[in-house]
J.: 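Let me begin by handing over the structure; questions about it come next.
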Number of protein chains: 2
Amino acid sequence: MEQLLRRIDEEITSSGGKRSRGRGQIIEIFFRSRRHLTVEELTRKVRVKNRNIGSATVYRTLKLLTKMGYAKELDFGEGAKRYESNLTEHHDHLVCTACGKVSEFEEPGIENLQEEVARRHGFSPTMHRLAIYGYCSRCAPSVDTVKSGS
Amino acid sequence: MEQLLRRIDEEITSSGGKRSRGRGQIIEIFFRSRRHLTVEELTRKVRVKNRNIGSATVYRTLKLLTKMGYAKELDFGEGAKRYESNLTEHHDHLVCTACGKVSEFEEPGIENLQEEVARRHGFSPTMHRLAIYGYCSRCAPSVDTVKSGS
DNA sequence: TTGGCTGCAAAACGTTTGCATGTCT
DNA sequence: AGACATGCAAACGTTTTGCAGCCAA
């Protein structure tokens, strides 16, 4: 973790940027947080530590991390975008449209088929997004009417 | 086509809605159009036929069609959402990040794996979105350096 | 006549940007 | 000192909403 922060810091300074207190805090809290933060959520967290940070800086920092490849933008269609660390293995998302819970999965078979489809269309893929929407196990509409329940 | 429009009309009226001139025009033009329209594009098209229609009505109509299941919202991360008919076979998208071209594909294998993944997670899928981003054949970065070409 | 539907304009929302100021080197 | 970074608030583009009038049933 410290190592990661140092690496990012170096990459920023070596391309003409500067080390700043606020940005360091934003980056650290971003990588220590659970996944899928909105800018507003991250701003709130950061402001607990440093009341002076405004959301513009958080936007600018996340955009920077995204451009550097350390963060990834997600859009679950909620209005606001979400961001997550781009360091973990690639994964896709299961989004429950009832409770909003997002879980993750990996499926190499899907990845492979995507590569194949792309190739078949003369397309050079750089990235993809797959989200499956539906009901998680807790929210699944009551399964049947056994015993004409309720 | 006429049949589809009549069906939608019926569904609207039978749930307390009314037939209105403007909405009918919007719906017809929407289904006759090429895929992936933004609200602004559709509004422009509709206004050629009926100068009085405002984009608020287009927003309201597309939202209605979406809720009824006849249209589908897409988000390719351009800022504005796009809409397409939800009547055709299911397909996914290849988005060229250079020229913006969007093409479509179907891959039953991917669909099946998605079902399986969902089941494995106790998830009841209702829908999914898959977009592969990259370069289309026209925009692909020059392929190689054969003969140290310029 | 009633209630839905409309256009318009204003509001709301997430995001970006201009600018004067602050901070790092 | 100089350049980059920041907060604030204004600007932006998209979408939603309040409202008075309109139109279909």
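These numbers come from the heavy atoms of this one structure, side chains and all, not from hydrogens, waters or symmetry mates. Keep in mind that what you see is a predicted model, and the values were worked out from it rather than measured. Letters A, B, ... are given to chains in the order of the sequence lines, protein chains preceding strands, and every chain is numbered from 1.
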J.: Take Glu106(A) and His91(A), measure what side chain to side chain donor-acceptor pair (under 3.5 Å) needs, and give me the verdict at the end.
T.: CA-CA 5 Å; Glu106(A) 264 178 87; His91(A) 59 261; over 6 Å; no
J.: Return the value, rounded to whole Å, for the distance between atom CG of Leu64(A) and atom P of dT15(C).
T.: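 Rounded to the whole Å, the gap is 17 Å.
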J.: Judged by atom type as modelled, is there a donor-acceptor pair below 3.5 Å linking the side chain of Thr13(B) to the main-chain atoms of Lys18(B)?
T.: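 No, because the side chain of Thr13(B) does not come within donor-acceptor range (under 3.5 Å) of the backbone of Lys18(B).
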J.: Hey, are Arg32(A) and Glu2(A) close enough for a salt bridge, meaning a charged N less than 4.0 Å from a carboxylate O?
T.: yes
J.: Could you state the CD1-P distance from Ile53(A) to dT21(C), rounded to the nearest angstrom?
T.: 21 Å
J.: Using a cut-off of 4.0 Å between protein heavy atoms and nucleotide atoms, how would you tag nucleotides 15-25 of chain D 5' to 3' with B, S and -?
T.: BBBB-----BS
J.: Would you kindly give the CG-to-P distance between Asp9(A) and dC4(D), to the nearest whole Å?
T.: 16 Å
J.: Write down the distance between CZ (Arg23(A)) and C1' (dG22(C)), rounded to a whole number of angstrom.
T.: 14 Å
J.: Output the rounded distance in Å from CZ (Arg47(B)) to P (dT6(C)).
T.: 14 Å
J.: Whole angstrom is fine here: how far is it from CD in Glu73(B) over to P in dT14(D)?
T.: 15 Å
J.: Would you mind reading off the distance between Ile12(B) atom CD1 and dT6(C) atom P, rounded to a whole angstrom?
T.: 9 Å
J.: Does anything in residues 49-60 of chain A pair up under side-chain hydrogen bond (donor to acceptor under 3.5 Å, both in side chains), and if so which pairs, sequence neighbours excluded?
T.: Gln25(A)-Asn50(A)
J.: Would you please name every residue forming a salt bridge (charged side-chain N to carboxylate O under 4.0 Å, His left out) with Arg19(A), sequence neighbours left out?
T.: Asp9(A)
J.: Please give, in whole Å, the distance from dA9(D) P to Asn52(A) CG?
T.: 13 Å
J.: Run the salt-bridge test on Lys45(B) and Glu41(B) with the 4.0 Å N-O cut-off and return the result as yes or no.
T.: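 Looking at Glu41(B) together with Lys45(B), the answer is no, because their closest N to O distance does not fall below 4.0 Å.
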